[in-house]
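As structure tokens, the structure follows; a few thoughts come after it.
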There are 2 protein chains.
Amino acid sequence: MKRDLDISVVIIEDDETIREGYAFLIGNTSGYKIAGTYPSVEETLKKIEGDDPDVILLDVELPGISGVESLPKLKKLLPETHILILTVYEQEALIFKALGNGAAGYLTKNTPPERIIAAIHEVMDGGGPMSANIARMVISSFKRNESSPLTRRETEILEQIATGKSRKRIADELFIDLETVKSHIKNIYHKLDVHSKADAIKTAKDNKFI
Amino acid sequence: MKRDLDISVVIIEDDETIREGYAFLIGNTSGYKIAGTYPSVEETLKKIEGDDPDVILLDVELPGISGVESLPKLKKLLPETHILILTVYEQEALIFKALGNGAAGYLTKNTPPERIIAAIHEVMDGGGPMSANIARMVISSFKRNESSPLTRRETEILEQIATGKSRKRIADELFIDLETVKSHIKNIYHKLDVHSKADAIKTAKDNKFI
DNA sequence: TCCGGTATCACCTATTTAGCGGTATTTTAA
DNA sequence: TTAAAATACCGCTAAATAGGTGATACCGGA
């Protein structure tokens, strides 16, 4: 048995039953081995360097330091390790924070065992495994609102404003007069019923107009 | 055979061999039926309303109107239909534009047939099927740079600036003095080697500091 | 315990920008 | 062919920006 070529996995999960369940599942799958299991981030940080895992399965709701908060620390300690979130939580804010903090994938706990194994393999292969509803949320975060009141040009100009450019600079880059830009902005403000660029940007982003 | 309960699929793809291949594959899978196949968007728009498909498989590189550009029109015509991109292209810009325009999933053409069938089912179930490398790109688009030169406070302030808020307003909302905000901004500009907020925002976004 | 980085606040100047009120022409797409 | 969209101009005031120079308090790691 070539244990050196096995994918080594660490599990960080406070519920012992679940933790041992995953460990049993993964440890008994050919090609995978368990390098360590921990009930908390604090425990993990003390010993994980010796484990040198390829993949970490991380719960987000842990006692003490939460899983999401620990992500930067884990990534710093083990830059090459892929971290998979495995949790019951499906709140958008939590998901995007986890992905922003360096999670390589996000699975919910109703994921069938074979899918978890597949996800570990997938993440080693450069993929980004996600549960179906997580993927849906991630995709719809990109989706623009089809029924924007703004015209194409207005949208374009508001996008430019949102990058912090001045009206003069926008005018120059779009090869139109400063006065034209001002006209568009007046119309944008009127349509969105706002009176400042900050409010215009906020309204437009909230409604996915930009 | 209860054809009414089958998932009806339309394929838009200019290569006849590929198009007929997918049609054969899907048409011969129990639970799925082909409502129509088209070589171009122009052809599709004329007749697709009669097809009333549940799912459209859409190629992005089509002669005439491109697949990505046609997304808003298709969505307007068939608001309930899920559109899956099926293409060889893996350019980030194209992917994010497709997702922004309302695509419900993104598959590359090396996807095995059974995965395509699964993806159609998944999208009907509210999921967001993506090929592994697409998912990786999508996930890493959320990822922040761990080695930002900016401090926590500086990052926070630059994020606020990127929302279009004035320094005064940022100061008020963070309960600090306007002068403090100005100091932070000076430091930010120096660290990023820029001389305007537009450039600071651009540099920070390019490097995923914010 | 000391020190460097961080966060905080101050005062100065000059210039640019933002926002609001109108009006009006040309171009484009349904 | 006509309404919507994009373009442009004028005048006005208040606000915001960018740069310089300096100072004080705090806090975490060596």
Side-chain angles (χ1 to χ4, degrees), chain A residues 45 65 69 72-73 76-77 146-204 209-210, chain B residues 41-42 45-46 64-65 69-70 72-73 76-77 147-204 209-210:
Chain A
L45 293 174
I65 306 175
E69 285 163 24
K73 284 176 188 139
K76 197 173 179 184
L77 226 53
E146 308 128 50
S147 54
S148 169
L150 304 181
T151 68
R152 186 170 299 188
R153 197 56 150 177
E154 285 163 358
T155 304
E156 187 180 13
I157 285 176
L158 190 48
E159 275 168 353
Q160 295 297 307
I161 290 176
T163 69
K165 288 176 188 160
S166 72
R167 299 165 175 206
K168 175 86 187 68
R169 185 164 164 188
I170 294 168
D172 289 345
E173 292 182 4
L174 295 183
F175 304 108
I176 55 179
D177 197 276
L178 170 59
E179 291 299 329
T180 307
V181 174
K182 288 169 76 176
S183 280
H184 284 304
I185 291 173
K186 266 186 283 193
N187 293 331
I188 292 167
Y189 284 13
H190 185 251
K191 285 181 180 177
L192 302 186
D193 189 28
V194 296
H195 307 277
S196 71
K197 64 175 167 176
D199 291 341
I201 292 168
K202 182 175 186 342
T203 300
F209 298 153
I210 61 168
Chain B
V41 175
E42 288 83 347
L45 293 174
K46 286 181 200 160
I65 305 176
E69 284 163 25
S70 72
K73 284 175 187 140
K76 196 173 180 184
L77 226 53
S147 55
S148 168
L150 304 180
T151 68
R152 185 169 300 188
R153 197 57 151 177
E154 286 163 357
T155 304
E156 187 179 11
I157 286 176
L158 191 48
E159 275 168 353
Q160 295 296 308
I161 290 176
T163 69
K165 287 176 188 159
S166 72
R167 301 164 174 206
K168 175 85 189 68
R169 185 164 164 188
I170 294 169
D172 289 345
E173 293 182 4
L174 295 183
F175 305 107
I176 55 178
D177 197 276
L178 170 60
E179 289 301 327
T180 307
V181 174
K182 288 170 71 176
S183 279
H184 284 303
I185 292 173
K186 266 182 284 196
N187 293 332
I188 292 167
Y189 285 12
H190 185 251
K191 284 181 179 178
L192 302 186
D193 190 28
V194 296
H195 306 278
S196 70
K197 64 174 167 177
D199 291 340
I201 292 169
K202 182 173 186 342
T203 300
F209 297 154
I210 61 168

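In what follows, every heavy atom counts, from backbone to side chain, and hydrogens, waters and symmetry copies are set aside. Proteins get letters first, then strands, A, B, ... in listed order; numbering begins at 1 in each.
Scanning for side chain to side chain contact (heavy atoms under 4.5 Å, CB included) contacts around A/Glu146 gives an empty result, with sequence neighbours left out. Scanning for side chain to side chain contact (heavy atoms under 4.5 Å, CB included) contacts around B/Leu45 gives B/Val41, B/Lys73, B/Leu74, B/Leu77, with sequence neighbours left out. Partners of B/Thr163 by side chain to side chain contact (heavy atoms under 4.5 Å, CB included), not counting sequence neighbours, listed by chain and number: B/Lys165. Under the rule for a side-chain hydrogen bond (donor to acceptor under 3.5 Å, both in side chains), the partners of A/Lys168 that lie at least two apart in sequence or sit in another chain are A/Asp172. By the side-chain hydrogen bond (donor to acceptor under 3.5 Å, both in side chains) test, A/Arg167 is found to be paired with no residue, residues two or more places apart in sequence or in another chain being considered. By the side-chain hydrogen bond (donor to acceptor under 3.5 Å, both in side chains) test, B/Asp177 is found to be paired with no residue, residues two or more places apart in sequence or in another chain being considered.
Residues from residues 148-159 of chain B placing a heavy atom under 4.0 Å of any atom in DNA chain D do not occur. A heavy-atom distance below 4.0 Å to DNA chain C is reached by these residues of residues 183-200 of chain A, ordered by number: A/Lys186, A/Tyr189, A/His195, A/Ser196, A/Lys197. Against DNA chain D, the stretch residues 164-180 of chain B makes heavy-atom approaches under 4.0 Å through B/Ser166, B/Arg167.
Atom-to-atom distance recorded for A/Glu154:CD and A/Ser148:OG is 8.5 Å, nearest 0.5 angstrom. Separating the CD atom in A/Gln160 from the CD1 atom in A/Ile157 is a distance of 8.5 Å, to the nearest 0.5 Å. Atom CG in A/Leu192 sits 6.0 Å away from atom OG1 in A/Thr203 (nearest 0.5 Å).
For the helix from C/dT1-D/dA30 to C/dA30-D/dT1, the end axes, each set by the C1' atoms of five terminal pairs, are bent relative to each other by 80° (nearest 10°).
Here the side chain of A/Glu159 pairs no donor or acceptor atom with the backbone of A/Ile210 at under 3.5 angstrom.
Using a 4.0 Å cutoff to heavy atoms of chain B, the contacted part of DNA chain C runs 5' to 3' from C/dT6 to C/dC12.
Between B/Glu173 and B/Arg169, at least one side-chain nitrogen of the basic residue sits less than 4.0 Å from a carboxylate oxygen of the acidic one, meeting the salt-bridge criterion. No salt bridge links A/Arg152 with A/Glu156; every basic N to acidic carboxylate O contact stays at or beyond 4.0 Å.
For B/Pro149 against B/Phe209, the heavy-atom pair with the smallest separation is CD-CZ, 3.4 Å.
Counting heavy atoms of neighbouring residues, nucleotides and ligands inside a 6.0 Å radius, atom NZ of B/Lys191 exceeds 12 of them.
Evaluation of the side-chain hydrogen bond (donor to acceptor under 3.5 Å, both in side chains) test over residues 179-190 of chain B, restricted to residues two or more places apart or in two chains, returns none.
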